[in-house]
Structure formats: structure tokens, C-alpha cells
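For reference, the structure discussed in these notes is given below.
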Number of protein chains: 2
Amino acid sequence: MGKGQETRERLMDIAEVSVLTKGFGATSIDEIIAAADITKSGFFYHFNDKNQLALALLRRYVEREDQLLDDLFGRARELHDDPLHAFLIGLKLFAEMMADLSKAHPGCLVATCCYNERLFDSDVRELNRQSVLSWRQRFLTELEKIAEIYPPKDNVDLEDLADMVSGVVEGGIVMSKALEQPQVLARQILLFRSYLKLLFLPAYN
Amino acid sequence: MGKGQETRERLMDIAEVSVLTKGFGATSIDEIIAAADITKSGFFYHFNDKNQLALALLRRYVEREDQLLDDLFGRARELHDDPLHAFLIGLKLFAEMMADLSKAHPGCLVATCCYNERLFDSDVRELNRQSVLSWRQRFLTELEKIAEIYPPKDNVDLEDLADMVSGVVEGGIVMSKALEQPQVLARQILLFRSYLKLLFLPAYN
DNA sequence: CATTTCACTTTACTGACGGTACAGTTTTTG
DNA sequence: CAAAAACTGTACCGTCAGTAAAGTGAAATG
């Protein structure tokens, strides 16, 4: 990694922490450059404006999140051949990971963008939309495999159910932040897992 | 209502729309006073600073939301004596109401506060926390009545389940905003309803 | 009817912030 | 060693939150 890339990443690391804890509007460039020990001109050499920073942050965040989900549910599939059980294991691993974060989950950049809408340009909003759509597709694929084997016990739209994975996580983060209780997120994920068990597992009644 | 109170409410009406669509940071006082046709000094006559405005907005918002939930689940209890069925009816009414909002749900001020944390003082954060706790208590009371009659088919913590009502709504709003698809929120509420059916309804398997 | 209080307006200002412009300097790399 | 990359320094602009303080018209109060 060249020196430029290194500085760019350092700026993004500092910005990400601040954005996730304080919000985008409350994160000042002056504060970032002070922490990074760089001048304002130096900052604008890397990012044309604050929106470009947001775009870069969101892109990197989504990439990492995708990687994490790949690893997690990939590992789960290694542990069990059956798609339903693999998914349930994946959710448990996910919940455990969220519970292990000793501090409150820092938040999701996607949600940050939603609640700071007009602070961002259309590029950011479109990337945000695409990310959520890709999560929908990811979970939908798994759920379709599950539904083929285990007929669902209630008439649910699998796309909605796929959205519920992301939704429960986003909602769980909001609840964790509002209550200042980090465990809430993990518990919400486990409740969604309980729903899937009741919905798909045959012997469950 | 005196003239002062009238102006105060007008300022809050304008501010609320802007905060919910753009976020708190992107809502400028200059913009509010322009829309309200008042001077800056006039604004600061009513609110000492932006935080006081936030506190007033949040207080009013939570009061209204509480009233709405009282009406909705009260009406549901009128329609059915059984606590489970009343709750299911209440959720359906809630989902219908959310679906009827032709535009995307404007968002929840509680979540806005979560994602703009350091923009607010401790008073705002504490009010935020208390609001979420009051929702937990509200739904917990109903769920306990339900669980007494219908033994849950999975070992779930009723407090977590109560949090899930708020969580699914908050998450649904985020998803609706990110996808720019207002129906998503209503669909998520109905999925939570499906979970309750599977969890409590005896003949459901 | 006079006086006080309320609900503002007017004017002038401060400091933080996002961003621009652009010339100059150091550091890295082919 | 030269060119390109990665900055620094300085000066500046408009917007924004917030302050200070004097003044004004209308309405309530005594």
C-alpha cells in the first residue's frame, strides 16, 4: 500500500468511528485532520468533499460487512449440510459476535445515511439502496433453499422474510443505542432465529 | 392557545418535518425561521438553543405516538376480548396505518436521536431512553397476559419480545427509507404478527 | 388609563465549520 | 535525477449556531 492510500485509510478509520458514534453531521473535518495530524489541504487532496468521504466510508463498510456475512454463514454451512440448520447456526454465530462487542454496537452506516438523508448526495443514497438490496438477495437465496425442503407453516413472502434479517439487525442497533444496552441486539437476532424455527422446523409445536 | 404557544407549535411543526426527512444536523435554524416568517431572535425567544428544540420535539413526538398506540390497541381490545387476538388485531391495524402513509414513513425521532448522538445533550438522550423503556413496559404487559393463557411454543424472554415490537418498527423504517419503498414497514410488522401467531396460537402448525 | 408583560424585531457581532484557490515544499518512485 | 504524488501554508468565502442588547407594538393587569 502506497503512502497516499495509507493516509486515506487512516482518515477513514478516524472518520468512521466518529460518524458511527456521533453521526455524520457532528463529525467535523477539523476534528478528523487534528486526529490524523494532517492539514486541511491534505484532507481535501484525498477527498473532494465530505460527500466523497461518506461514499468511501459506506463502500468500505458494506464490503467488510459482506465479507463478515460470507465468512459467518459459510462457516455455518461447513458445520451443517441442511440449509435450515446452517442458517440457524449462522444466526447464532452472528448473535454471539454481536454480544461479544463489549461496548454498544457502533451502529450501521446504512442507517446513519437513512437518518441524515439530505446530508448526502444521490450517489451515496443509491449505494445505500443497492447494499440493502444485495442483503435481501443474499438471504432470499438461502430462504428459498430452506422453503423447498421445509414448507413454511405460515403464508409468508420470502422476500419480506429476507428483509427481516437486515431489519431486525437495524432495529436491534437502534434499540441497543437508545437503551444503552448492547446485549439487546444479540437478543433480537436470537428472537428472529426463534421465528425461523417455528416457521420451518417440522417437529416444533 | 396563546399567541406565543401558537408560534412555538408552528416552529416545531416546521422543524419536525425537516428533522425527520433530513436529519437534525441538516436542519438549520435559518431555514426554520424563513419558513415560519420569524426572525432569529424570535426563534431564540422560544428555544434557548437547538437542543431545547430537540427536547420539545421529542417530548411531543413520544406523547403523540403513545396516544396513537393507546387508541389503536384500545380499539383492538374493543374488537376482541382475548388478549392474543386483540394484540394480533392491533398489529394489523398498525400495519394498515403504516401502509396508508402514501409517502415513506417520515421516520422515528427516537432513531434520529440514536444516529445523531453527540448532537444532543444528556436530557435528550435520557428522554429517548425512557420512551423506549415505556414502550417495552406497554407491550410486556400485554404479552404477559397472552402468555398466561397461551403457553409460548418456544422459550422466549417476554421482555425481549416486547422490545421486538419497537425494534421491528425501527428496523422497518430504516429499510423503507433505504429502499425508498414505504410498504416494507407494514410488511415487517405483519411478519412480526406471523411470529406471534406461531408462538402463541395453539392450532397453528 | 397607566403600566407591565409578552412576543417579538432590529442590528451587530462571534466562532466553528465546509469548502476554495493556489503557490510552495517534501517525499516517493520509475 | 526528474517527474509525479503527497502533501503544507496562507488567505479567503459563505453558512451556521448562538449572543447581546436595545427597541416596539399589542394585550393583559392593576
Side-chain angles (χ1 to χ4, degrees), chain A residues 1-19 21-58 112-113 115-125, chain B residues 1-19 21-58 112-113 115-125:
Chain A
M1 189 162 55
K3 199 197 170 196
Q5 194 58 30
E6 228 171 77
T7 307
R8 201 183 140 93
E9 295 270 324
R10 206 171 76 248
L11 289 169
M12 285 170 70
D13 290 341
I14 294 163
E16 191 178 67
V17 174
S18 180
V19 168
T21 53
K22 305 194 300 188
F24 194 75
T27 299
S28 78
I29 295 174
D30 285 1
E31 166 201 332
I32 297 169
I33 66 179
D37 197 30
I38 200 177
T39 61
K40 205 176 226 188
S41 309
F43 175 88
F44 284 107
Y45 172 77
H46 289 285
F47 304 101
N48 291 345
D49 55 23
K50 235 184 155 186
N51 247 302
Q52 294 252 25
L53 170 65
L55 199 63
L57 281 179
L58 188 58
T112 299
C113 290
Y115 277 103
N116 292 272
E117 239 185 296
R118 294 295 145 84
L119 246 50
F120 302 110
D121 61 23
S122 57
D123 286 353
V124 173
R125 288 203 299 274
Chain B
M1 188 160 55
K3 198 194 169 197
Q5 194 58 31
E6 231 170 75
T7 307
R8 201 182 140 93
E9 295 270 324
R10 206 171 76 248
L11 289 169
M12 285 170 71
D13 290 341
I14 294 163
E16 191 177 66
V17 174
S18 180
V19 168
T21 53
K22 306 193 300 189
F24 195 74
T27 298
S28 77
I29 294 175
D30 284 2
E31 166 201 331
I32 298 169
I33 66 178
D37 198 31
I38 200 177
T39 62
K40 202 176 233 190
S41 306
F43 175 89
F44 284 108
Y45 172 78
H46 288 285
F47 304 101
N48 290 345
D49 54 24
K50 236 184 154 187
N51 247 303
Q52 294 252 25
L53 171 65
L55 200 62
L57 281 180
L58 189 57
T112 298
C113 291
Y115 277 102
N116 291 272
E117 239 185 296
R118 293 296 144 86
L119 246 49
F120 302 111
D121 61 21
S122 57
D123 286 351
V124 173
R125 289 204 297 275

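We name chains A, B, ... by the order of the sequence lines, and we start the count at 1 in each one. Only a predicted model underlies this, so the values are computations on that prediction, with no experimental measurement involved. The analysis underlying the following values was restricted to heavy atoms, covering all of them including side chains, and did not include hydrogens, waters or symmetry mates.
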So what does Gly42(B) hit on the nucleic acid, given a heavy-atom distance under 4.0 Å: a base, only sugar-phosphate, or nothing? base

With a 4.0 Å cutoff (strictly under), does any side-chain N or O of Tyr45(A) reach OP1 or OP2 of dA6(D)? yes

Test item: Thr7(A) side-chain N/O and Lys3(A) main-chain N/O as donor-acceptor pair under 3.5 Å: yes

d(CD1, Ile29(A); P, dT15(D)) in whole Å: 17 Å

How close or far is atom C1' of dA5(D) from atom NE2 of His46(A), stated in whole angstroms? 10 Å

Check this for me: does the side-chain of Ser28(B) come within 3.5 Å of the base of dT15(D) through a donor and an acceptor? no

Can you see if the side chain of Thr7(B) gets near the phosphate of dC8(C) - specifically, an N or O under 4.0 Å from OP1 or OP2? yes

I'd like to know if Lys40(B) reaches the base of dA17(D) with its side chain such that a donor and an acceptor end up less than 3.5 angstrom apart. yes

Nearest whole Å is fine: how far is dT10(C) P from Ile33(B) CD1? 12 Å

Hey, does Leu58(A) have a side-chain heavy atom less than 4.5 Å from the side chain of Cys113(A)? yes

Whichever of Thr27(A) and Gln5(B) has the more 5' nearest nucleotide on DNA chain C, that residue is Gln5(B)

Write down the distance between CZ (Phe44(B)) and P (dC16(D)), rounded to a whole number of angstrom. 13 Å

Measure from CG on Asn48(B) to P on dG18(D) and round the result to the nearest Å. 10 Å

Any N or O donor-acceptor pair linking the side chain of Lys50(A) to the base of dG19(C) at under 3.5 Å? no

Atom-pair distance (CG on Leu11(A); P on dA6(D)), nearest Å: 13 Å

Rounded distance (Å) that lies between atom P of dT5(C) and atom NZ of Lys3(B): 19 Å

Lys50(A) side chain vs Phe120(A) backbone, donor-acceptor pair below 3.5 Å: no

Check: Thr39(A) side chain, dG9(D) base, donor-acceptor under 3.5 Å: no

Ile38(A) CD1 - dT26(C) C1' separation (whole Å): 13 Å

I need the Leu119(A) CG to Phe24(A) CZ distance, nearest 0.5 Å. 6.5 Å

N/O donor-acceptor pair under 3.5 Å between Asp13(B) side chain and Glu16(B) backbone: no

